[in-house]
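In what follows, a single structure is set out as structure tokens and then discussed.
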Number of protein chains: 2
Amino acid sequence: MARSTHVRRPATLASLAAELGVSRTTVSNAYNRPDQLSPELRRRVLETARRLGYPGPDPVARSLRTRKAGAVGLLLTENLSYAFRDPAALGFLEGLALACEGAGQGLHLVPVNPEREDVAAVHRAGVDGFVVYSVPDDDPHLAAVLSRPVPTVVADQPHVEGVDRVGIDDRAAITALAKRLISLGHRRVGVLCMRLTRDRNDGFVTTERAETATFHVQRARLAGLTDAFGAVGVDWGRVPVVERFDHSIASGASAAAQLLDADPHVTALICTSDILALGALAEARRRGLRVPQDLTVTGFDGIADADRVGLTTVRQPVLEKGRAAGKLLLASVDPTRPREITLNTELVPGSTAAPPRTAEERWFGP
Amino acid sequence: MARSTHVRRPATLASLAAELGVSRTTVSNAYNRPDQLSPELRRRVLETARRLGYPGPDPVARSLRTRKAGAVGLLLTENLSYAFRDPAALGFLEGLALACEGAGQGLHLVPVNPEREDVAAVHRAGVDGFVVYSVPDDDPHLAAVLSRPVPTVVADQPHVEGVDRVGIDDRAAITALAKRLISLGHRRVGVLCMRLTRDRNDGFVTTERAETATFHVQRARLAGLTDAFGAVGVDWGRVPVVERFDHSIASGASAAAQLLDADPHVTALICTSDILALGALAEARRRGLRVPQDLTVTGFDGIADADRVGLTTVRQPVLEKGRAAGKLLLASVDPTRPREITLNTELVPGSTAAPPRTAEERWFGP
DNA sequence: TGGATTGACCGTAACGGTTCAGAACCAATT
DNA sequence: AATTGGTTCTGAACCGTTACGGTCAATCCA
């Protein structure tokens, strides 16, 4: 297989037109509106194009003129590469890709380094709109996106007034999970959560920090837990909450260790993500704690691996979320579209939650 | 959090300049070359910009002028959404994203429908170059990519003269695996392979079809097997090869079933991908065949799930491949760059390969 | 037959920037 | 006093295309 010869970049629509002795409009029409010129002339145009090595209208110039880039930008909190490792993000991406594909739109992943505040990449992206996936309230990249005159849809977080959004009711979802644990008898629980702010803070979380977290989703989930346990008289100020900046199984394990070391009497570890919960399970195993007999562990998201190990969790429709975000964005011209989509979640009973052992059982076995 | 007021689209670099009574050049410099104007004036420019709701230089117009889009295009065979499900593709994507990120380049996923021959999306993508991942020799989208005057790197397949490429030595890699099976004593083997052409052909593969497959990688792998088994006198024409269009565990299972139904005496199933091999394992389990005692199964790729089940396979560095492709593309200006990168593979012994049972063992147990 | 319609094509004006070669000005040096 | 150098800003060309509003001749219809 040989590659066709490559002219350096001489041919343009204008040069083609000159060569043919027709107007640029006509050449343009040959490509974009075949019905606007005779088949014979069109054939000649296309053939001359081939002969001159003209690759067809330049996409960038076209975009400038038509004010359409044919692509949707995607902004993520994490490094791009991270998105390909986190199952929930991946599901979202798949759904978004599906929507884009359906509309013939490209998907432009914007390269941002979450550590640095370099916002230039956002300004450089030639896109017709942005989907912003799960970033903190004060993300400078988000601000840069919003400053651009293109429609934007936020997925999950944050809530921004006047900006379309798709997500779930995190607070209600985790409240339902908490109520289940409460009805099982758990009162002394611990919480593992994902990062609450842009700054790293691996360790225990004060009530104030929990309430002022700039990651809305985490804030809402913690608030949901406060709701549920507060309603049955648990003093939330005394509930240990451990935060981890990195979202990984190893983080979950170390957070669980830190929490269990500090408070060995907790009967349940409530994790705000499945990944953290998988880490907690690993740590429990390492300590010889049986789940759920000795310790209840719950997650959030409903990823495949959670399913595999029978994790008690909340399933959210991540793929559907991605697709909804894409559709919402692509429907931006339609003033009757919904401005906010809240998807349903589902409690997954799993097998990692059970009633806590009584004091007696603790000492004498079940 | 409230969104800043949004002007419809009045402000442009020119209007800003007019408002300020300076030239467009100066406004442009305020954004791109701060050292070219006094700090005071720059401050005024930026402040007026904010006041007028000017979002900064339009990325598309800038791209037109500078001839840089700041993004790399990625072309895949499958639907975009598929890429997020196939572990090998995912690893590649992660590596590619890493490379792009490092260079501050966006990653533009081109939406192609492999069923249709709609090549327009390729022409519409405003990118500085393309990475083409694993497409058939005769893919029209690839042809469209090559017709564009931008650098291109092909990953895996096909081999195109004059086009940079990164991949592995599929033929040698699978030959090594085959030799291992041969040394274990396998002579009667079956093969499960991925699609060989753009057309669906679920079923047995003739020698001719294998040799003329338009998916170069599959062709090379089958050829590698022919090499190895031919060398020990196995008549390759008699070796059953089953092809599946869809790449999924279910496909692997059904292909294994089809093969085992037709030839129950094979002692090993050689699969050209781990996914297919996982399906073969499932089918073996369903039939009550113990692996590796009753049946040897091998894969190719070295995905995480293969590792988990101890599959005998060939590991290829998918992430590294993606990164190499990205780097190669981004180094296109450098004439001393390598034009082709062949990465190393590694035989993973695993635990799904063992010597075949003898006829006696078959009847009387091991 | 004559007015209206249609088909095929064209000229001009954007689209919104960047770039480069200077101009204007001022201070310092020769 | 003339030269040099540096800073700050400008004018005009250019990037390659498509939208818009035509022109002009051929065809249609009653």
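Here is the naming used below: chain letters follow the sequence lines, and residue numbers restart at 1 for every chain.
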Which class fits the ring pair A/H108 and B/H108: parallel under 30°, tilted 30 to 60°, perpendicular over 60°? perpendicular

Between A/T66 and D/dT17, is there a side-chain N or O to OP1/OP2 distance below 4.0 Å? no

Distance check: side-chain N/O of B/R42 vs OP1/OP2 of D/dT8, anything under 4.0 Å? no

Return the residues of residues 20-29 of chain B meeting this criterion: a heavy atom under 4.0 Å from some atom of DNA chain D. Order them by number, or give none. B/G21, B/V22, B/S23, B/R24, B/T25, B/T26

Where each residue is assigned the nucleotide of DNA chain D containing its nearest heavy atom, which of B/D35 and A/Y54 is assigned the position nearer the 5′ end? B/D35

Calculate the interatomic distance between B/R62 atom CZ and D/dG16 atom P; express it in whole Å. 18 Å

Write down the distance between CD (B/Q36) and C1' (C/dA21), rounded to a whole number of angstrom. 13 Å

Please report the C-alpha distance between A/V110 and A/H141 in whole Å, then the side-chain angles of each, then the deciding distance to 0.1 Å, and finally whether the side chain to side chain contact (heavy atoms under 4.5 Å, CB included) criterion is met. CA-CA 10 Å; A/V110 178; A/H141 302 100; over 6 Å; no

B/T12 side-chain N/O to C/dG17 phosphate OP1/OP2 under 4.0 Å: yes

Using a cut-off of less than 4.0 Å, is there contact between a side-chain N or O of B/R33 and OP1 or OP2 of D/dT8? no

Decide, yes or no, whether a salt bridge links B/R44 with B/E47 under the criterion of side-chain N to carboxylate O below 4.0 Å. no

Interatomic distance, A/L13 CG vs C/dG11 P [rounded to whole Å]: 14 Å

Using the six-membered ring wherever Trp is involved, compare the ring planes of B/H159 and B/H216 and label them parallel, tilted or perpendicular (cut-offs 30° and 60°). tilted

B/R44 CZ - D/dT8 C1' separation (whole Å): 13 Å

So, is A/R67 close to the C/dG16 phosphate, meaning a side-chain N or O under 4.0 Å from OP1 or OP2? yes

For atom CZ of A/R33, is the number of surrounding heavy atoms from other residues, nucleotides or ligands below 6.0 Å larger than 12? no

Tell me the interatomic distance from B/K68, atom NZ, to D/dC14, atom P, rounded to whole angstroms. 20 Å

Looking at D/dG16, I'd like to know if its phosphate oxygens (OP1 or OP2) sit under 4.0 Å from a side-chain N or O belonging to A/Y31. no

Ignoring hydrogens and geometry beyond distance, is a side-chain donor-acceptor pair present between B/T26 and B/S23 at under 3.5 Å? yes

Just by modelled atom types, is the A/K327 backbone N or O under 3.5 Å from a matching donor or acceptor in the A/R337 side chain? no

Rounded to whole Å, the CG-C1' distance (A/N32 to C/dC9) equals 16 Å

Rounded to the nearest angstrom, tell me the gap between atom CG in B/D58 and atom C1' in D/dC15. 13 Å

Rounded to whole angstroms, how far apart are CZ on A/R124 and C1' on C/dT18? 15 Å

Report yes or no: is there a donor-acceptor pair, N or O only, under 3.5 Å between the side chain of B/R65 and the base of D/dC14? yes

Under 4.0 angstrom, heavy atoms only, what part of the nucleic acid is A/L37 near: base, sugar-phosphate, or nothing? sugar-phosphate

